[in-house]
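This structure is a prediction, so every number in the text was calculated from the model and none was measured.
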Amino acid sequence: MQNTFSRSFRLDATTEKKFYFVPEQSKDALHYNVHINNDPELKKFVLTKGEGQWKIKEQQIKLPEWVYTLQPQFHEKIEESLDSRK
């Protein structure tokens, strides 16, 4: 099982947010529950891998657009974490 890890991402010149990536292995696949530290607007979402990329899983609660702009960076950090465990 992969370990939980955290990374900070810069949204703009003044805003940085810290994300916690918590892996969960189901019988079908690995996914990540992502928690955001100290964010009143959004608390968590799920990342799944499809078509070779880690993407935000569609959910009932509408996510702010800025979260989607970070998807390529989420993918990169998850892959780095997975590679470091090999």
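Note that the OG1 atom of T69 and the CG atom of D12 stand 10.0 Å from one another [nearest 0.5 Å]. Note that CD1 of I36 is 13.5 Å distant from NZ of K18, once rounded to the nearest 0.5 Å.
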Dump the intermediate steps for side-chain contact (heavy atoms from CB on, under 4.5 Å) on I56 and L47, then the final yes or no. CA-CA 5 Å; I56 297 170; L47 288 168; 3.7 Å; yes
Going through the distances and angles, do E79 and K49 end up as a side-chain contact (heavy atoms from CB on, under 4.5 Å)? CA-CA 11 Å; E79 289 298 314; K49 193 167 189 177; 2.9 Å; yes
Candidate pair E24 and N33, rule side-chain contact (heavy atoms from CB on, under 4.5 Å), full reasoning: CA-CA 7 Å; E24 281 199 17; N33 292 316; 2.8 Å; yes
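Looking at every heavy atom in both residues, K55 comes nearest to G50 through CE-O, 4.4 Å. Closest approach of V46 to Q59, counting heavy atoms only: N-OE1, 4.1 Å.
The environment of E16 atom CD is dense: over 12 non-hydrogen atoms of other residues, nucleotides or ligands sit within 6.0 angstrom.
Residues Y20 and F9 do not share a hydrophobic cluster, clusters being chains of Ile/Leu/Val/Met/Phe/Trp/Tyr side chains in contact below 4.5 Å. Follow the hydrophobic side-chain contacts under 4.5 Å out from V22 and you never reach F45; the two are in separate clusters.
Legend: salt bridge (Lys or Arg N to Asp or Glu O under 4.0 Å) pairs involving residues 67-78, not counting sequence neighbours, sorted by first then second residue: K77-E80.
For the pair L30 and W54, the minimum side-chain heavy-atom distance is below 4.5 Å. I78 has its side chain within reach of F5: a pair of non-hydrogen atoms, C-beta onward, lies under 4.5 Å apart.
Between Y32 and F19, the ring center distance fails the sub-6.0 Å criterion.
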